Amino acid sequence: MFKKLEEIIKNIEGNVLVIGLNDNLLNKFDKNNKVNLYSIYSNKSSEAFSKSKKKQTNQGKTINIKKLKKYINKKSVNYIICNFEEIKEYYKYIIKDTIYLNNNTIYVYSSNEIDKDFLINKYKRYNVEIKVKQYKNGYILTIDNKNGKNNYLKDKLYFIKDTFYNMAEIIGNVLIS
């Protein structure tokens, strides 16, 4: 899975938003001169990438998804590469925001522990094309967002639906234990 991600990083060009990648994958961005900008939002700290002028980093701090749209314009990011394990608690925000910010392709990768059908159903709401590549240690979702559209009212309804889903899941876990 990580070899495929390295190949993807080597071939992309344009504006890239990176969320939760490890240091090995971040080193590949330094070698790619075709990337204009990439921002790193991560809960893990890494001092090696705070000095570069090419990158805007928010490392060592918690991810603030609500403020993400203030700094990046609508449909101005060509590629988004995201580690879903890093942001699974923010999925209500990040799924709609990635559709809002991106104009080309979104790559979401995760281990096999997280249900890929859950992610596919959340992204299917926005009329995007999704391809899944399964590997031994996880999977990569390639989401073609060229025809993806946001709607303010639908986003609010989906947010409420996801909130009730989370509440029901928490109540179920409490009752079972």
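FYI, side chains are in, hydrogens and waters are out, and symmetry mates aren't considered; it's all heavy atoms of this structure. Quantities reported herein were computed from a predicted structural model and do not represent experimental measurements.
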ask   = Are the aromatic rings of Tyr135 and Phe2 close, with centres under 6.0 Å apart?
value =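 Ring centres of Phe2 and Tyr135 not closer than 6.0 Å.
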
[X] [atom1] to [Y] [atom2] distance, which is reported to the nearest 0.5 Å:
{"X": "Lys122", "Y": "Asp117", "atom1": "NZ", "atom2": "CG", "result": "12.0 Å"}
{"X": "Lys161", "Y": "Lys92", "atom1": "NZ", "atom2": "NZ", "result": "14.0 Å"}
{"X": "Ser76", "Y": "Asn102", "atom1": "OG", "atom2": "CG", "result": "9.0 Å"}
{"X": "Lys96", "Y": "Ile99", "atom1": "NZ", "atom2": "CD1", "result": "12.0 Å"}
{"X": "Leu21", "Y": "Ile9", "atom1": "CG", "atom2": "CD1", "result": "5.5 Å"}
{"X": "Tyr100", "Y": "Asn145", "atom1": "OH", "atom2": "CG", "result": "13.0 Å"}

Between [X] and [Y], is any side-chain donor less than 3.5 angstrom from a side-chain acceptor?
{"X": "Asn112", "Y": "Gln134", "value": "yes"}
{"X": "Asp155", "Y": "Asn150", "value": "yes"}
{"X": "Thr142", "Y": "Lys133", "value": "no"}

Report yes if the side chains of [X] and [Y] come closer than 4.5 Å at any heavy-atom pair, otherwise no.
{"X": "Val35", "Y": "Tyr79", "value": "no"}
{"X": "Leu5", "Y": "Ile140", "value": "yes"}
{"X": "Cys82", "Y": "Tyr107", "value": "no"}
{"X": "Tyr109", "Y": "Met1", "value": "yes"}
{"X": "Lys74", "Y": "Leu101", "value": "no"}

_Residue among Phe118, Phe84, Tyr158 satisfying ring-ring contact (aromatic ring centres under 6.0 Å, His included) with Tyr91_ =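 Testing Tyr91 for a ring-ring contact (aromatic ring centres under 6.0 Å, His included) against Phe118, Phe84, Tyr158 leaves exactly one candidate, Phe118.
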
Counting N and O atoms only, with roles assigned by atom type, does the side chain of [X] sit under 3.5 Å from a partner on the main chain of [Y], one being a donor and the other an acceptor?
{"X": "Asn32", "Y": "Lys28", "value": "no"}
{"X": "Glu129", "Y": "Ile143", "value": "no"}
{"X": "Asn78", "Y": "Asn15", "value": "yes"}
{"X": "Lys10", "Y": "Phe29", "value": "no"}
{"X": "Asn137", "Y": "Ser111", "value": "no"}

**Audit row: Val18, Leu26, side chain to side chain contact (heavy atoms under 4.5 Å, CB included) steps and yes/no** = CA-CA 9 Å; Val18 178; Leu26 293 175; 4.2 Å; yes

Problem - Carboxylate-amine/guanidinium proximity below 4.0 Å for Lys131 and Asp144 - result: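 Not counted as a salt bridge, because no side-chain N and carboxylate O are separated by less than 4.0 Å.
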
Q. Quick one: do Arg125 and Asp162 make a salt bridge, cutoff under 4.0 Å?
A.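 Yes.
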
Item checked: Worked verdict on Thr98 versus Tyr93 for side chain to side chain contact (heavy atoms under 4.5 Å, CB included) -> CA-CA 9 Å; Thr98 54; Tyr93 305 105; over 6 Å; no

Carefully, step by step, assess Ile12 and Lys34 under the rule side chain to side chain contact (heavy atoms under 4.5 Å, CB included).
CA-CA 7 Å; Ile12 62 175; Lys34 297 179 275 184; over 6 Å; no

So for atom CG, which belongs to Asn147, do other residues, nucleotides or ligands contribute more than 12 heavy atoms lying within a distance under 6.0 Å?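 No, because the 6.0 Å sphere around CG of Asn147 holds 12 heavy atoms or fewer from other groups.
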
Is Val132 linked to Val128 within one hydrophobic cluster, defined over Ile, Leu, Val, Met, Phe, Trp and Tyr using a side-chain heavy-atom separation of less than 4.5 Å?
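Yes.
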
task = Consider only side-chain heavy atoms of I, L, V, M, F, W and Y, link residues closer than 4.5 Å, and tell whether Ile94 and Tyr165 are in one cluster.
result =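 They do share one cluster, since a chain of ILVMFWY contacts under 4.5 Å joins Ile94 to Tyr165.
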
Chi angles and distances behind the side chain to side chain contact (heavy atoms under 4.5 Å, CB included) call for Glu6, Leu25:
CA-CA 6 Å; Glu6 290 174 2; Leu25 292 174; 3.7 Å; yes

